[in-house]
Amino acid sequence: MPPPSLAPPSVRPARDALLRWFARHARDFPWRHDRTPYRVLVAEAMLQQTRAETVVPYFERWMRALPDLHALARAGPDTVLRLWEGLGYYRRAHALRRAAQEVVHERGGRFPDQEAELRTLPGVGPYTAAAVAAFAFGRAAIAIDGNVRRVGARLLADPAPRDADLRAHLAPLLPARAPGRTTEALIELGATVCRPTSPRCDLCPLASVCSGRMYGRPEAFPAAGRRSPPRTRRRYAALHLNGDRLWLIRRPEGGLLAGLWGPPQQEEPPPGRFLPEVAHRYSHFALRLTPVVATPGAPPPPPPDGGDGAWCDPATVAELPLSTVDRKVVALARDAGLLTVLPSRP
DNA sequence: AAGCCGGGGTG
DNA sequence: CACCCAGGCTT
């Protein structure tokens, strides 16, 4: 039996309450101004699996450096990665650059304005396609992200709702004008009120139509998924120095930290002087990395698969895109007196 | 369907 | 520690 939450008699008040709540409580993010397709696409790419507050400074810096689609299409991979450095999931940055090149060079600069077309761009999946269609082009689409899924699961009291069920249930909330506001409002609601833990049902404009709340346990929905236990990897970062130049390699495409530079890593301890271990937790494994200062004159390992490798002076180290862990390693090397200049982020 | 892909905030 | 975040891609 379908839940009564959004049956015809209550759908209009619920929709009005949701949109009124959003008009009053929406946070002010830079991507909510000047919603061009380019700005929306960049924002949605950065926001994938990343908290909105984290994205703000990255988005503003990106827009200053690459203000439009053509600027991005012309930019090199290191420029893009440097602007992305610290956001993680670096495939997003490569895909965003390829998407810009595709629109500029294969679509004559005409941005796709429908979900199905958008979906063909690299890095654009079901959520982002719907979000760009709704936010930038005013399409009546509901983009389902983690927030919308949680809000919908609680409204339905369904521990694992299918996307089609969520769309069918939430579609009545779409207003005739500015339908993109509905997705925005549901996302905002999920982020600030219908939170994963300790939801604030007392502040929720949809509380009166929420089955999860009626059953008394809104936080039980959606049900938590199974997680594989994290594994620990021990590795060694080889610091090869030539004067104050440091040997860095570029990581190959497709894998971890794709396209980023860093000291070469290996599983066996190399000869040399050990520096303090750096611990870092990734989403699916834990890394214990020990930097080792290689014996002076020892030949550095060649770059992987014919990729790039270079002797980098401190200024270059500061400019190339490095992962957070490798920044820590370089900082250790600096503190040990091996490098002269502080590598800093832009 | 499940694994891979970063980093950080929060309880 | 745990979970999760304006997900997408690959197998």
Side-chain angles (χ1 to χ4, degrees), chain A residues 22 26-27 29-32 35 39-59 81 84-96 98-99 118-136 141-152 160 162-163 180 182-192 194-199 219 222-233 251-260 262 278-287 321-328 345:
Chain A
F22 181 61
R27 293 168 292 175
F29 291 124
W31 49 87
R32 288 185 168 160
R35 305 211 100 176
R39 287 172 60 87
V40 172
L41 180 64
V42 171
E44 294 305 331
M46 289 185 171
L47 287 162
Q48 288 169 16
Q49 294 300 105
T50 308
R51 294 172 188 278
E53 291 80 359
T54 302
V55 168
V56 170
Y58 286 90
F59 180 82
L81 284 174
W84 203 273
E85 183 186 305
L87 272 179
Y89 289 112
Y90 296 93
R91 181 189 308 196
R92 296 182 293 173
H94 296 288
L96 192 53
R98 282 193 291 129
L118 286 160
R119 187 71 181 71
T120 68
L121 294 176
V124 177
Y127 164 76
T128 304
V132 174
F135 300 160
I142 293 179
I144 300 177
D145 74 327
N147 291 302
V148 176
R149 181 168 294 106
R150 182 173 56 256
V151 171
R162 298 166 176 274
D163 283 7
T182 294
T183 289
E184 276 192 288
L186 289 170
I187 290 174
E188 192 76 2
L189 192 66
T192 63
C194 195
R195 304 175 298 192
T197 60
S198 58
E219 63 272 26
R226 292 180 182 176
R227 290 172 197 287
S228 49
R231 294 165 41 83
T232 297
R233 298 184 192 170
R251 297 165 186 277
E253 298 298 319
L256 190 70
L257 307 173
L260 271 65
V278 174
H280 190 75
R281 181 171 300 279
Y282 291 94
S283 40
H284 52 296
F285 69 95
L287 175 66
L322 267 67
S323 73
T324 296
V325 167
D326 285 332
R327 289 283 174 217
K328 293 181 190 173
R345 298 195 169 186

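Just so it is clear: chains get the letters A, B, ... in the order the sequence lines come, proteins before strands, and each one is counted from 1.
Between Tyr89(A) and dC5(C) there is no side-chain polar atom (N or O) within less than 4.0 angstrom of OP1 or OP2. An OP1 or OP2 oxygen of dC5(C) is reached within less than 4.0 angstrom by no side-chain nitrogen or oxygen of Gln49(A). In this structure, Thr50(A) does not reach the dA6(C) phosphate: none of its side-chain N or O atoms is under 4.0 Å from OP1 or OP2.
Counting any heavy atom pair closer than 4.0 Å across all strands shown, Val124(A) reaches sugar-phosphate atoms only and no base atom. Across all strands, Ile187(A) comes closer than 4.0 Å to base atoms (heavy-atom distances).
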Step-by-step ring pair (Phe, Tyr, Trp, His ring centres under 6.0 Å) determination, Trp84(A) to Tyr58(A): CA-CA 7 Å; Trp84(A) 203 273; Tyr58(A) 286 90; 7.9 Å; no
Run the salt bridge (Lys or Arg N to Asp or Glu O under 4.0 Å) check on Arg195(A) and Glu219(A) step by step: do they pass? CA-CA 8 Å; Arg195(A) 304 175 298 192; Glu219(A) 63 272 26; over 6 Å; no
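Counted by atom type alone, Thr50(A) and Arg92(A) present one or more donor-acceptor pairs between their side chains at under 3.5 Å.
In this structure, Arg35(A) satisfies the cation-pi test against Phe135(A), with its NZ or CZ atom closer than 6.0 Å to the six-membered ring centre and inside 45 degrees of the ring normal.
Taking atom P on both nucleotides, dA6(C) is separated from dG11(B) by 14 Å, rounded to a whole Å. Using atom P as the reference point in both dG3(B) and dC3(C), the two lie 15 Å apart (nearest Å).
Remark: Arg281(A) in residues 279-286 of chain A come within less than 4.0 Å of DNA chain C through at least one heavy atom.
Heavy-atom nearest nucleotides on DNA chain C were determined for Arg91(A) and for Trp31(A), and the one closer to the 5' end corresponds to Trp31(A). DNA chain B is contacted by both Arg51(A) and Arg195(A); Arg51(A) maps to the nucleotide lying nearer its 5′ end (nearest heavy atom per residue).
Here the two rings, on His280(A) and Tyr282(A), have centers that are under 6.0 Å apart.
One N or O on the side chain of Arg150(A) and one on the backbone of Cys194(A) form a donor-acceptor pair closer than 3.5 Å.
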